[in-house]
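In what follows, a single structure is set out as C-alpha coordinates and then discussed.
Keep in mind the model is a prediction, meaning the values are calculated, not measured. If you read the sequence from its start, that first residue is 1, and numbering goes on from there.
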Amino acid sequence: MTRAPPSPADTRSNETHLVDLPDEAATMALGQALAQAVAPGLAVCLSGPLGAGKSTLARALIRALTTPDEEVPSPTFTLAQFYEPESFALAHFDLYRLASPDEAYEIGLEEALAEGCVLIEWPERLEGDLPLDRLDIEINATPDGAARTARLTAHGAFRGLLERIAL
(Lines give C-alpha, C1' and ligand atoms only; values in the text may rest on other atoms or scores of the structure.)
Protein backbone atom coordinates (compact mmCIF):
# COMPACT_ATOMS: atom_id res chain seq x y z
CA MET A 1 0.00 0.00 0.00
CA THR A 2 1.42 3.37 -0.94
CA ARG A 3 1.28 5.88 1.86
CA ALA A 4 1.86 9.61 1.61
CA PRO A 5 4.42 11.15 3.96
CA PRO A 6 2.87 12.80 7.00
CA SER A 7 1.72 16.35 6.47
CA PRO A 8 2.54 18.96 9.14
CA ALA A 9 -0.93 18.35 10.63
CA ASP A 10 -0.09 14.65 10.98
CA THR A 11 2.87 15.41 13.25
CA ARG A 12 0.62 16.61 16.09
CA SER A 13 0.32 14.28 19.03
CA ASN A 14 -2.42 11.71 18.70
CA GLU A 15 -5.57 11.92 20.80
CA THR A 16 -6.09 9.09 23.26
CA HIS A 17 -9.28 8.28 25.19
CA LEU A 18 -9.80 5.50 27.72
CA VAL A 19 -13.25 3.95 27.89
CA ASP A 20 -14.45 1.50 30.55
CA LEU A 21 -16.41 -1.43 29.16
CA PRO A 22 -17.97 -3.13 32.19
CA ASP A 23 -20.08 -5.48 30.06
CA GLU A 24 -21.04 -6.47 26.52
CA ALA A 25 -23.74 -3.77 26.40
CA ALA A 26 -21.06 -1.10 26.99
CA THR A 27 -18.95 -2.55 24.16
CA MET A 28 -21.97 -2.43 21.86
CA ALA A 29 -22.73 1.15 22.94
CA LEU A 30 -19.18 2.16 22.05
CA GLY A 31 -19.59 0.64 18.58
CA GLN A 32 -22.86 2.51 18.10
CA ALA A 33 -21.27 5.80 19.23
CA LEU A 34 -18.32 5.33 16.88
CA ALA A 35 -20.71 4.95 13.95
CA GLN A 36 -21.22 8.71 14.24
CA ALA A 37 -17.52 9.35 13.54
CA VAL A 38 -16.67 7.00 10.68
CA ALA A 39 -16.56 8.21 7.10
CA PRO A 40 -15.11 7.19 3.75
CA GLY A 41 -11.33 6.93 3.82
CA LEU A 42 -11.18 6.20 7.55
CA ALA A 43 -10.11 2.95 9.17
CA VAL A 44 -11.02 1.57 12.59
CA CYS A 45 -8.29 -0.83 13.75
CA LEU A 46 -9.35 -3.25 16.49
CA SER A 47 -6.71 -5.05 18.52
CA GLY A 48 -6.71 -7.15 21.65
CA PRO A 49 -6.55 -10.81 22.61
CA LEU A 50 -9.00 -13.46 21.41
CA GLY A 51 -12.36 -12.94 23.11
CA ALA A 52 -11.68 -9.30 24.03
CA GLY A 53 -14.78 -8.00 22.24
CA LYS A 54 -13.41 -6.83 18.88
CA SER A 55 -16.14 -8.57 16.89
CA THR A 56 -18.85 -7.40 19.30
CA LEU A 57 -17.77 -3.79 18.83
CA ALA A 58 -17.51 -4.20 15.04
CA ARG A 59 -20.95 -5.84 14.85
CA ALA A 60 -22.55 -2.98 16.80
CA LEU A 61 -20.88 -0.35 14.60
CA ILE A 62 -21.98 -2.14 11.41
CA ARG A 63 -25.57 -2.52 12.63
CA ALA A 64 -25.66 1.17 13.61
CA LEU A 65 -24.77 2.06 10.01
CA THR A 66 -26.97 -0.54 8.29
CA THR A 67 -29.97 -1.98 10.11
CA PRO A 68 -30.38 -3.29 13.68
CA ASP A 69 -31.05 -6.79 12.38
CA GLU A 70 -28.25 -6.85 9.78
CA GLU A 71 -26.60 -10.26 9.63
CA VAL A 72 -22.98 -9.62 10.61
CA PRO A 73 -20.97 -12.83 10.48
CA SER A 74 -17.40 -12.83 11.70
CA PRO A 75 -15.00 -12.54 8.77
CA THR A 76 -12.55 -14.93 10.45
CA PHE A 77 -12.84 -17.52 7.68
CA THR A 78 -13.91 -15.34 4.73
CA LEU A 79 -11.32 -12.69 5.75
CA ALA A 80 -13.62 -9.86 4.61
CA GLN A 81 -17.29 -8.93 4.67
CA PHE A 82 -18.72 -6.01 2.71
CA TYR A 83 -21.76 -3.88 3.56
CA GLU A 84 -23.67 -1.17 1.71
CA PRO A 85 -25.05 1.38 4.19
CA GLU A 86 -26.94 4.30 2.64
CA SER A 87 -24.10 6.78 3.06
CA PHE A 88 -20.90 4.91 2.04
CA ALA A 89 -19.41 1.46 1.57
CA LEU A 90 -18.24 -0.38 4.66
CA ALA A 91 -15.88 -3.35 4.86
CA HIS A 92 -14.93 -5.56 7.82
CA PHE A 93 -11.58 -7.38 7.61
CA ASP A 94 -10.27 -10.01 10.00
CA LEU A 95 -6.54 -10.43 9.37
CA TYR A 96 -5.89 -13.08 12.04
CA ARG A 97 -5.20 -15.87 9.56
CA LEU A 98 -2.98 -13.90 7.18
CA ALA A 99 0.53 -15.15 6.59
CA SER A 100 1.84 -11.81 5.25
CA PRO A 101 0.67 -8.18 5.04
CA ASP A 102 0.48 -8.46 1.23
CA GLU A 103 -2.45 -10.85 1.57
CA ALA A 104 -4.59 -8.01 3.00
CA TYR A 105 -4.17 -6.05 -0.20
CA GLU A 106 -4.84 -9.14 -2.32
CA ILE A 107 -8.28 -9.45 -0.68
CA GLY A 108 -9.15 -5.80 -1.35
CA LEU A 109 -8.16 -3.74 1.70
CA GLU A 110 -6.78 -0.81 -0.27
CA GLU A 111 -9.79 -0.68 -2.61
CA ALA A 112 -12.22 -0.88 0.31
CA LEU A 113 -10.50 2.05 2.01
CA ALA A 114 -10.62 4.08 -1.20
CA GLU A 115 -14.36 3.42 -1.56
CA GLY A 116 -15.50 3.71 2.05
CA CYS A 117 -14.69 2.95 5.67
CA VAL A 118 -12.93 -0.19 6.86
CA LEU A 119 -12.92 -2.06 10.15
CA ILE A 120 -9.73 -4.07 10.64
CA GLU A 121 -9.42 -6.75 13.29
CA TRP A 122 -5.83 -7.84 14.02
CA PRO A 123 -4.21 -4.77 12.35
CA GLU A 124 -0.82 -5.85 13.73
CA ARG A 125 -0.77 -8.37 10.85
CA LEU A 126 -0.11 -5.35 8.57
CA GLU A 127 3.25 -4.93 10.31
CA GLY A 128 2.92 -1.18 10.73
CA ASP A 129 1.63 -0.42 7.21
CA LEU A 130 -1.54 1.14 8.57
CA PRO A 131 -3.74 3.84 7.04
CA LEU A 132 -2.81 7.35 8.20
CA ASP A 133 -6.45 8.27 8.89
CA ARG A 134 -7.43 5.72 11.49
CA LEU A 135 -8.71 5.05 14.94
CA ASP A 136 -6.78 2.42 16.88
CA ILE A 137 -8.87 0.65 19.50
CA GLU A 138 -7.09 -1.69 21.87
CA ILE A 139 -9.45 -3.75 24.05
CA ASN A 140 -8.09 -5.55 27.11
CA ALA A 141 -9.49 -7.25 30.17
CA THR A 142 -9.24 -5.46 33.49
CA PRO A 143 -6.82 -7.02 36.02
CA ASP A 144 -9.66 -8.96 37.67
CA GLY A 145 -10.93 -10.17 34.27
CA ALA A 146 -14.49 -9.08 35.02
CA ALA A 147 -14.60 -6.16 32.58
CA ARG A 148 -12.74 -4.60 29.66
CA THR A 149 -11.14 -1.27 28.89
CA ALA A 150 -10.66 0.28 25.48
CA ARG A 151 -7.84 2.64 24.58
CA LEU A 152 -8.85 4.73 21.57
CA THR A 153 -6.06 6.56 19.74
CA ALA A 154 -7.02 8.90 16.90
CA HIS A 155 -4.64 9.44 14.00
CA GLY A 156 -4.88 11.80 11.02
CA ALA A 157 -8.43 12.76 10.05
CA PHE A 158 -9.84 10.99 13.12
CA ARG A 159 -8.33 13.69 15.37
CA GLY A 160 -11.09 15.86 16.76
CA LEU A 161 -13.89 13.48 15.75
CA LEU A 162 -13.96 11.62 19.06
CA GLU A 163 -14.67 14.76 21.05
CA ARG A 164 -17.86 15.29 19.06
CA ILE A 165 -19.40 11.96 20.02
CA ALA A 166 -20.54 10.62 23.36
CA LEU A 167 -17.98 8.10 24.58
Side-chain angles (χ1 to χ4, degrees), residues 1-66 72 75 83 85 87-96 101 104-105 109-110 112-144 146-167:
M1 179 181 314
T2 304
R3 296 280 174 232
S7 69
D10 291 330
T11 60
R12 298 177 296 175
S13 64
N14 298 316
E15 297 174 8
T16 299
H17 298 270
L18 295 175
V19 179
D20 291 323
L21 303 172
D23 53 27
E24 186 174 328
T27 302
M28 293 169 55
L30 176 59
Q32 293 165 350
L34 291 174
Q36 300 170 45
V38 297
L42 298 180
V44 176
C45 298
L46 303 167
S47 61
L50 287 170
K54 298 179 296 292
S55 293
T56 297
L57 190 145
R59 189 172 289 115
L61 192 154
I62 292 165
R63 286 182 175 152
L65 292 172
T66 57
V72 184
Y83 302 91
S87 50
F88 52 83
L90 180 63
H92 181 193
F93 290 84
D94 185 325
L95 308 182
Y96 184 74
Y105 306 107
L109 179 60
E110 195 163 24
L113 190 56
E115 296 171 7
C117 175
V118 298
L119 305 175
I120 304 170
E121 292 189 49
W122 302 97
E124 56 273 15
R125 298 290 203 255
L126 294 174
E127 297 179 356
D129 190 16
L130 298 167
L132 294 176
D133 298 322
R134 72 180 189 279
L135 177 64
D136 293 335
I137 302 175
E138 181 181 353
I139 304 173
N140 286 296
T142 57
D144 65 3
R148 308 276 188 268
T149 58
R151 177 182 302 274
L152 287 66
T153 306
H155 302 267
F158 249 112
R159 289 188 195 107
L161 291 176
L162 294 180
E163 293 178 8
R164 289 183 269 181
I165 63 173
L167 293 177

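Evaluation of the side-chain contact (heavy atoms from CB on, under 4.5 Å) rule for L18 yields R151 as partners, not counting sequence neighbours. Annotation: salt bridge (charged side-chain N to carboxylate O under 4.0 Å, His left out) contacts of R134 (sequence neighbours excluded): D136. Here P143 pairs with nothing under the side-chain contact (heavy atoms from CB on, under 4.5 Å) rule; sequence neighbours left out. The side-chain hydrogen bond (donor to acceptor under 3.5 Å, both in side chains) search around T142 returns D144, not counting sequence neighbours. By the side-chain contact (heavy atoms from CB on, under 4.5 Å) test, A60 pairs with M28, Q32, sequence neighbours left out.
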Notebook entry, point to check: After noting the C-alpha distance and the side-chain angles of E121 and S55, does the key distance pass the side chain to side chain donor-acceptor pair (under 3.5 Å) rule?
Noted result: CA-CA 8 Å; E121 292 189 49; S55 293; 3.1 Å; yes
Next item on the list: Mind running side-chain contact (heavy atoms from CB on, under 4.5 Å) on D94 and W122 for me, showing each step along the way?
Entry: CA-CA 6 Å; D94 185 325; W122 302 97; 3.3 Å; yes
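Between atom CG of residue L119 and atom CZ of residue R59 there is a gap of 11.5 Å, rounded to the nearest 0.5 Å. A distance of 4.5 Å separates OH of Y105 from CG of L126, quoted to the nearest 0.5 Å. Taken to the nearest 0.5 Å, the CG atom of L42 stands 12.5 Å off from the NE2 atom of H155. For the atom pair OH (Y83) and OG1 (T66), the distance works out to 8.0 Å, reported to the nearest 0.5 Å. For the atom pair CG of L135 and CG of L46, the computed distance is 8.5 Å after rounding to the nearest 0.5 Å.
Between L95 and P123, the closest side-chain pair of non-hydrogen atoms is not below 4.5 Å. Between I120 and L109 the shortest side-chain heavy-atom distance falls below 4.5 Å. In this structure, C117 and V38 have side chains that are in contact, with non-hydrogen atoms separated by less than 4.5 Å.
G160 and E15 make their closest contact through N-OE2, 2.7 Å (heavy atoms, listed as atom of the first residue, atom of the second, distance). Closest approach of P40 to F88, counting heavy atoms only: CG-CB, 3.5 Å. Heavy atoms only, all atoms of each residue included: F158 and A43 are closest at CE1-O, 3.4 Å.
Of the possible polar contacts, none joining the K54 side chain to the C45 backbone as a donor-acceptor pair under 3.5 Å is found.
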Please tabulate, for side-chain N and O atoms in residues 19-26, each donor-acceptor pair with protein atoms closer than 3.5 Å (sequence neighbours left out).
{"residue": "D23", "atom": "OD1", "partner": "A25", "partner atom": "N", "Å": "3.3"}
{"residue": "D23", "atom": "OD1", "partner": "A26", "partner atom": "N", "Å": "2.9"}

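Under the side-chain contact (heavy atoms from CB on, under 4.5 Å) rule, L34 has a single partner from L65, L161, L57, which is L57. Residue L152 forms a side-chain contact (heavy atoms from CB on, under 4.5 Å) with just one option from L30, V44, T16, I139, and that option is L30.
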